[in-house]
**Student:** 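Attaching a single structure in structure tokens format; questions to follow.
For clarity, every value in this text was computed on a predicted model and none was experimentally measured.
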Amino acid sequence: EEEETFSLSELSIAAALALTSEIPQDHKLRREAAILELEQRGQKRVRFGNEMEKLEKEVIRNCRLLRVRADRKALRRKAVEKAQMEKDYIELRSGRPPMFWIPLRVHAVWERMEVTLACTVLASPPPQVTWYKNGAPIDLRLAPAGKYKIKNKFGMLTLQISRCSMEDSAEYSVEIKNQYGEAYSFATVLVRKYYGKESGFDSEIYRSKEADFAFSMKPLFSREKEPFTLSCYFSSDLLEHQRDIAWFRDGELLQNSECHKLKYQDREASLTVSCAHKEDEGFYTIRVPSLDGFKEQTTYVFVRDAAAETPGAPGSPLNVKCHDVNKDCLILSWVAPSDNGGSPILGYFIERCVAGSEEWVPCNDRPVKTCRYPVLGLTEGQTYQFQVKAVNKAGISHPSKTSAPVTTYDPSKEKRVTGHIKVPLPPTNVHASEVREDYVALAWDEPDPRGREPLNYYVEKSIVGSNSWQMVNLDTPVNSPRFALFDLVKGKSYCFRVRSVNKYGISEPSLPSEPITAGAKLATLPPPSQVLAFRDTKTSVVLQWDKLKDGLEPLGYYIYCRETGTEGWQTVNNKPVTFIFSPRFTVPGLQPGKEYVFCVKSVSEAGLSESSPETDPIVVRPAIARPSTPRGFVLLSCGKSEMTIGWKPPKRQGGTKLLGYFLDQHDTSELDWHEVNIQPIPQRVYTVGNLKEGHLYEFRACAVNMAGVGEVSEPSDAFKCEEWTMPEPGPPYDVKFTEVRDSSLMLHWQAPLYTGAGPVTGYYVDVCEEGSEEWKQINKQPVATTHMKVSDLETGKCFIFRVRALNKAGIGPPSLPSDPVVAKTKPGTNEIELGVDEEGLIYMAFEAPEKNDSSEFIWSKDYEGPPDADRVRTEEKGNKSKLILTNPSEKDLGVYSVEVTDVDEDISASCTLTKEDLDKLLKRSHEIRNPLIKLISGWNVDVLEKGEVRLWLEVEKLSPNAELHLIFNEKELQSTPTHKINFVKGKGLVELIIQNFCDDDKGMYTAQLQDGKAKNQFTLVLLDERKWKFSPYFIENLRWKVTESCEVLLTCKATNLRKDTSFQWFFNKKARTGGVFDPQTGIGTLCITKADEGQYKALVSDDRGEDYTQLDLTKGCKRTFFSIILPALSASPLKIQPTEEGIKIYTDVKYYTDYMKTTWYHKEKQVESRDRLKAGSTMNQIWLHILNPTDADKGKYVLELFDGNDTHKLSTDLSGQAFEDALAEKWTVLESHLLKTLIFIFLNLTSVNFFAQLHVCNLSVLQQTLCLTCCVSGDPYPEITWFKNEKVIVFKDRYKMDVKGTVVTITIEKVCNEDTGKYSIYVKNKYGSETGQVTISVYKHGEIPEFDSFGFTRMSPP
């Protein structure tokens, strides 16, 4: 106070403050209350000198407060000044010149790599930093954009140089300076250019290039209970640091185990799942370490439902998990299946078993409605596993995958407070943990303190509004503080309370719970909204939809698809897919070009929601997107002021045609890039002019399609603009491959633009495996063309190719290497189809379902360009292109290839049209274009009455425009009086009548006929006198052949026939009937169904003479005959047929003979005929009859058939359900057999009365006439034979047969006792045979038939 003085102005301010001092907020209230109190007392307040005294005190107090504030300000000011002085002193003491704690170090890098120079400095105050290159300061404003990046963070200085070039090789230094001094650090950067081994050294970096993925993993489709393997291929062998491969499913790391086998071998990493479950479905990711972090690929594995045991049964549930595990209970949850089998799921059945056993015990008697269920009655300390089955009206599903083993335990044991309690206290906090439609789960807290004795609990319930309590679990006390009630009345409200009990007694009841309403049905979630479908690839569609509103979180989503025009929905995923952000899912495996609609369902604990609205129909085609960047820039030619640049196309063209490229250039001595072209360049070669000689230029490009302009490529290498004068040719370019197959491919390239001292005379092709730098020359001699077939490649390996051009001066530099290619035929690869269409045109067709809307088919011949337009024409329809030969000849021979444009993957094929192929195609074309005139009767020679010789033939009827050219010994004959030619077109008759036949008339006669497109010619060689004498003769001797129905057909052909010419068959010198002879064609046939030993002879004769032909089928001939017939035998698979006596195992054969050896085996032991086992055969069947079958007859039965050359085996398994079904059906057959077919006919003088029940036939009687009727069908229409007592019926006199369509009727007139017998009908065509039987019994009038216990009749006297 003594040091501080105040001015008059400060004192006036203090006085003003005193006069305007703040009055407390409640002061007025207190004063008003005091005044009111005085007024009530009748007193008055008088204001006098006391107020001045109070004012003076306020002024003094405010002055003191002001003085205190001023003092604090002065002290703060003095403290700040002292602190500043201290800081300045410290800084003065700590100040130091800069120094390098870690200096710069030398770097050697490869061209186009990035390098960072770094150092650490110490200085106070922080220094000023300047970087130098070869002594010149680095100015970021003058340097190329992005070339240098300078940073200074916490004393660490860095200079980053991007995309190093040879000009970046220099000495770099950094200067640091402050007021105390300065310091310098130097380092040299050496940029190396790689020239390969020819330069005298090789690079470990290049040799040890990291492996990359060879191609993307495709979605995999598997089925439940079946194994699957997911494979990923690499472009080269993995380096040591890349071998730590990791597999993930839905983000979860998978370990090598019995279920998941992880393997890497021969550039292939694989994940094998031995037994797939729907839980194995999901997104699979493979992650491979790299120097920059890791590389990864992801795909989706779909696991389809296993085939249901009962048609229409639902799929199996999945994701069975255990929750809230206690000593004797737990909560089980699962996920509903995506496929309900066509009808709603009624509920679920739960089963449990002790871990390690296979004895499954049901946990519920009635189906559970929701996907959550409390399991009670478990044993403490026991390990359990659970499985769930879904049920609908059709049946029960397969069981789910078993849950993980879980052991019951006491979760509160560790934190429990026991205390010295005998009679337990009541539990607390009784509440409902879960309320479902099927149950209510109660939970409570143990008494605290609990006591040391084991506790049990009794639960009591009471309906709200009543005071009566009922104990729920009197018989089964609960060990855990959990309990579930299942039989509550739906809609009613209950209160619950719990009592504790131990060996000392029972506690008081706990406080009642809040009212709980039972039977509340858990509602399903609403379906998603705004489901949209977008084009993705040629076989996939992307779906996107909105998340559920109001914060609802489903367990996932099921997706369904349906092809437009069909009704059935197909399940896409069988495991609910979940998403963190916006739901988006790719549906693969669709058919290219097909139209689909989609819908989505939400999955929750209550089940599946309703289906979302269907998407708009979408056609499966690749999505149109902007193309990727061009790549692989190369200098093709260079002049003094111009450069010709080439580049590779983008790897992804965006699903549509590329419209061109935009090219930029950059002079390395300048900062900015400049556009080369304004309009898109359609080709990938361009000459850039107006360049400066000696300058270095970089180039970059971007591609454009209808979706827009793609990203700009990385800059090319710096090319120096100086004129090429070397004598060798320049590099070829655009090296690409087509027709990639397992061990071969076709390589194409473009000739170099710079030819050097002379024209290019050939090319050498080099190959190396990807990841290696060892190039091998493929061709020893140069190839003259710009294409080459590369063969003998190792399947599955990845190769790279390059080409070098040759002229008289030598071999030029190699081309830019091709893209890596794996020598392997891709699944679904189509080849060119060679054929003849309906119009007789020869064509080559190629189908490419993967083509885009803008794709084109480019055909070429011999890889030299399009085929001659005058010789071919093309037709395109949808995804198919057809190349048609307009005038096929040997000029069209060669190699035809086709390639599809505007696709990301190679789609190409080729085929070679050879002379043999062309001849076959021309023949087929000729047959189609030029149909043959049908021959009815070949050349015949007749001698007329006047000695004239008549040569004639007959064809089908011809039109009036038909033409005939009759050629004799290569000269055309004209009709003359001595050689008269008659051509009757309406009858198709051609005849030549020769008068005075002589030796000059012997020779070859050919009739050439043409009727529009139809043509034909017929030749007669008339040299042998026998051929033109009076008598008929055979031009084709007797021979035999085997038909498809294993019948023997004898055939021969005669000529020079007349109407009165007779034809006769003989067997063992005796005439035989049954043959067929066609006088028009002269062909005779005889069908033999069962060959007999003997000689067959055919005789043709008339009054002019006779001729015959013979065939010997005796002994050895017969054996040879059957060794040829029997291989034509075809036996059906073994069938099981129950009979009234037992079970019949048989096979149907087309033809059976005694020469065929048959042997039956049961359980690999030969079966011998005995009382209960009868083996036999018929013409069309081989059988084994098991009489009175027992369990010993179960097992595998094998039938061996030996046809003289080979042994054929047929087998069937008569065990399990097949045996039970056959045994059950046997009794059904026995019962029906008791009603076997019987016909009883009673005769009297006036009428016929009968009754019958027919198995095959219907019976009708009309005026003592018996009619047997049945329906017969088959294609071709079968042959029909009726038998009586196993003898063929000859239809004459009283027996008549009538066939009308499919109805066959046999009529027996004037029925008598002789008609009693067993009648059967046998029908047969080339595809099989059938037999129907009926028994007819005829009795005299008055005889009464009776039935025994088996349904047969016995006679009784009248």
**Student:** Do Asn456 and Asn502 have side chains that get closer than 4.5 Å, going by heavy atoms?
**Tutor:**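 No; the side chains remain at least 4.5 Å from each other.
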**Student:** Does the pair Leu238 and Val288 meet the rule for a side chain to side chain contact (heavy atoms under 4.5 Å, CB included), with working shown?
**Tutor:** CA-CA 9 Å; Leu238 295 180; Val288 180; 4.3 Å; yes
**Student:** Using side-chain heavy atoms (C-beta onward) and a distance below 4.5 Å, is Arg584 in contact with Val542?
**Tutor:**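 A side-chain contact under 4.5 Å exists here.
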**Student:** Classify the ring geometry of Tyr300 against Phe302: parallel below 30°, tilted from 30° to 60°, perpendicular beyond 60°.
**Tutor:**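 Geometry flag for Phe302 against Tyr300: tilted rings.
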**Student:** Does a side-chain heavy-atom distance below 4.5 Å link Asp280 with Arg249?
**Tutor:**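 Counting from C-beta outward, Asp280 and Arg249 do come under 4.5 Å.
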**Student:** Is there a side-chain contact between Ser412 and Asp410 in this structure, where contact means two heavy atoms from C-beta onward sitting under 4.5 Å apart?
**Tutor:** yes
**Student:** Evaluate the side-chain proximity of Asp305 to Asn574: yes if any heavy-atom separation is below 4.5 Å, no if none is.
**Tutor:** yes
**Student:** Calculate, to the nearest 0.5 Å, the distance between atoms CG and CG belonging to Leu548 and Leu525 respectively.
**Tutor:**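 The CG atom of Leu548 sits 6.0 Å away from the CG atom of Leu525.
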**Student:** State, to 0.1 Å, how close Arg497 and Pro512 come at their nearest heavy-atom pair, and which atoms those are.
**Tutor:**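 For Arg497 versus Pro512, the nearest heavy atoms are CB-CA, 4.3 Å.
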**Student:** As a quick check of understanding, evaluate side chain to side chain contact (heavy atoms under 4.5 Å, CB included) for Glu380 and Asn479, giving each step before the final call.
**Tutor:** CA-CA 9 Å; Glu380 183 178 1; Asn479 297 330; over 6 Å; no
**Student:** Report the C-alpha distance between Tyr373 and Asn364 in whole Å, list the side-chain angles of each, state the deciding distance to 0.1 Å, and finish with yes or no for side chain to side chain contact (heavy atoms under 4.5 Å, CB included).
**Tutor:** CA-CA 9 Å; Tyr373 186 76; Asn364 58 319; 3.6 Å; yes
**Student:** Within the side chain of His277, is there an N or O that forms a donor-acceptor pair under 3.5 Å with the backbone of Ser400?
**Tutor:**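 Judged by distance alone, no pair lies under 3.5 Å.
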**Student:** Is the shortest distance from a Lys or Arg side-chain nitrogen in Lys503 or Glu453 to a carboxylate oxygen in the other one below 4.0 Å?
**Tutor:**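 A salt bridge is present here (some side-chain N lies under 4.0 Å from a carboxylate O).
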**Student:** Could Lys601 and Glu610 be called an ion pair, given the rule that one side-chain N must be under 4.0 Å from one carboxylate O?
**Tutor:** no
**Student:** Are Lys389 and Gln387 close enough, and set up right, to give a side chain to side chain donor-acceptor pair (under 3.5 Å), and what steps lead you there?
**Tutor:** CA-CA 7 Å; Lys389 298 178 182 178; Gln387 65 182 19; over 6 Å; no
**Student:** Which heavy atom in Arg223 sits nearest to a heavy atom in Ala306, and how many Å separate them?
**Tutor:** CG-CA, 4.2 Å
**Student:** Taking the six-membered ring for Trp and the full ring for Phe, Tyr or His, determine whether the centres of Phe483 and Trp444 are under 6.0 Å apart.
**Tutor:**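 That pair fails the under 6.0 Å test.
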**Student:** Show, in sequence, the C-alpha distance, side-chain angles and deciding distance for Ile331 and Arg372, and conclude whether the side chain to side chain contact (heavy atoms under 4.5 Å, CB included) test is met.
**Tutor:** CA-CA 7 Å; Ile331 300 292; Arg372 197 175 179 90; 3.5 Å; yes
**Student:** Please confirm whether Arg287 makes a cation-pi placement over Trp247, using NZ or CZ under 6.0 Å from the six-membered ring centre and within 45° of the ring normal.
**Tutor:** no
**Student:** Any side-chain heavy atom of Pro477 within less than 4.5 Å of one from Tyr458?
**Tutor:**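 With C-beta onward as the side chain, the pair touches.
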**Student:** Would you call Ser582 and Lys547 a side-chain contact if the rule is heavy atoms closer than 4.5 Å?
**Tutor:** no
**Student:** Regarding Ser316 and Ser397, do their side chains bring together a donor and an acceptor under 3.5 Å, going by distance alone?
**Tutor:**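 No.
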**Student:** Does a sphere of radius 6.0 Å around CD in Glu514 hold more than 12 heavy atoms from other residues, nucleotides or ligands, not counting ones at 6.0 Å or beyond?
**Tutor:**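 Open.
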**Student:** Output yes when a side-chain donor or acceptor of Asn326 lies under 3.5 Å from a complementary backbone atom of Cys329, and no otherwise.
**Tutor:** no
**Student:** Drop me the distance from Phe386's CZ to Ser333's OG, to the nearest 0.5 angstrom.
**Tutor:**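 If I round to the nearest 0.5 Å, the distance is 11.5 Å.
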**Student:** Report yes or no: does Thr383 contribute a side-chain atom to a donor-acceptor pair with the main-chain N or O of Thr407 at less than 3.5 Å?
**Tutor:** no
**Student:** Is the positively charged end of Lys461 above the ring of Phe496, judged by distance under 6.0 angstrom from the centroid and angle within 45° of the axis?
**Tutor:**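 No cation-pi geometry.
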**Student:** Measure across Pro424 and Gly505 and return the closest heavy-atom pair with its distance rounded to 0.1 Å.
**Tutor:** CD-O, 3.6 Å
**Student:** So which of Asp445, Val459, Val430 actually passes side-chain contact (heavy atoms from CB on, under 4.5 Å) with Ser510?
**Tutor:**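 When side-chain contact (heavy atoms from CB on, under 4.5 Å) is applied between Ser510 and each of Asp445, Val459, Val430, only Val430 qualifies.
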**Student:** Please check: side-chain N/O of Ser493 versus main-chain N/O of Pro515, any donor-acceptor pairing under 3.5 Å?
**Tutor:**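 Such a contact is absent between Ser493 side chain and Pro515 backbone.
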**Student:** Step through the shown structure and confirm whether more than 12 heavy atoms of other residues, nucleotides or ligands are within 6.0 Å of CD on Glu508.
**Tutor:** no
**Student:** Would you find more than 12 non-hydrogen atoms of other residues, nucleotides or ligands less than 6.0 Å from Leu552 atom CG?
**Tutor:**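 Count over threshold, so yes.
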**Student:** Quick test of your reading of the model: are Glu614 and Arg562 salt-bridged, counting only N-O distances below 4.0 Å?
**Tutor:**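 Between Arg562 and Glu614 there is a salt bridge, with a charged N closer than 4.0 Å to a carboxylate O.
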**Student:** Heavy atoms only: give me the nearest Ser338-Leu608 pair and the separation to one decimal.
**Tutor:** O-CD1, 4.1 Å
**Student:** Are any side-chain N or O atoms of Ser257 and backbone N or O atoms of His260, one a donor and one an acceptor, separated by less than 3.5 Å?
**Tutor:**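 Here the side-chain-to-backbone pair exists.
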**Student:** Decide, yes or no, whether a salt bridge links Asp328 with Arg482 under the criterion of side-chain N to carboxylate O below 4.0 Å.
**Tutor:**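 Salt bridge flag = no for Arg482 with Asp328.
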**Student:** Does this structure show an ion pair linking Glu460 with Arg499, if we count only N-O contacts that are shorter than 4.0 Å?
**Tutor:**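 Yes, charged N to carboxylate O under 4.0 Å.
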**Student:** Rounded to the nearest 0.5 Å, how far apart are CD of Glu359 and CD of Glu351?
**Tutor:** 11.5 Å
**Student:** Would Phe598 and Phe585 count as a close aromatic pair, with their ring centres under 6.0 Å?
**Tutor:** no
**Student:** Just verifying a value: how many Å separate Asp546 CG and Ser612 OG, rounded to the nearest 0.5 Å?
**Tutor:** 11.0 Å
**Student:** Who pairs with Asp438 by side chain to side chain donor-acceptor pair (under 3.5 Å), at least two apart in sequence or on another chain?
**Tutor:** none
**Student:** Hey, can you pull the donor-acceptor pairs under 3.5 Å for the side chains in residues 339-350, sequence neighbours left out?
**Tutor:**
unit_1 : atom_1 : unit_2 : atom_2 : d
Asp339 : OD1    : Gly341 : N      : 2.9
Asn340 : OD1    : Gly342 : N      : 3.0
Ser343 : OG     : Asn392 : ND2    : 3.0

**Student:** Going by side chain to side chain donor-acceptor pair (under 3.5 Å), name the residues that satisfy it together with Lys575, two or more places apart in sequence or in a different chain.
**Tutor:**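 Checked Lys575 against side chain to side chain donor-acceptor pair (under 3.5 Å); matches are Asp250.
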**Student:** Minimum heavy-atom separation for Glu224 and Val303, please, with both atom names.
**Tutor:**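 Answer, listing the atom of Glu224 first, then Val303: N-CG1, 3.8 Å.
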**Student:** How long is the straight-line distance from NZ of Lys278 back to CG of Leu318, given to the nearest 0.5 Å?
**Tutor:**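 Interatomic distance, Leu318 CG to Lys278 NZ, rounded to 0.5 Å: 5.5 Å.
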**Student:** How many angstroms lie between atom CG of Leu230 and atom OG1 of Thr299, to the nearest 0.5 angstrom?
**Tutor:**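 One gets 6.5 Å once the value is rounded to the nearest 0.5 Å.
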**Student:** Any heavy-atom pair between the side chains of Ile516 and Leu442 that's under 4.5 Å?
**Tutor:** yes
**Student:** Which is it for Ser231 and Ser270 under the side chain to side chain donor-acceptor pair (under 3.5 Å) test, yes or no, and what are the steps along the way?
**Tutor:** CA-CA 4 Å; Ser231 298; Ser270 62; 5.1 Å; no
**Student:** Does the pair Thr524 and Ser609 meet the rule for a side chain to side chain donor-acceptor pair (under 3.5 Å), with working shown?
**Tutor:** CA-CA 6 Å; Thr524 59; Ser609 69; over 6 Å; no
**Student:** What pair of heavy atoms forms the shortest contact from Ser222 to Glu226, and how long is it?
**Tutor:** OG-O, 4.0 Å
**Student:** Kindly say whether the aromatic ring centers of Trp545 and Tyr557 come within a distance under 6.0 Å.
**Tutor:**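 Ring centroids of Trp545 and Tyr557 are less than 6.0 Å from each other.
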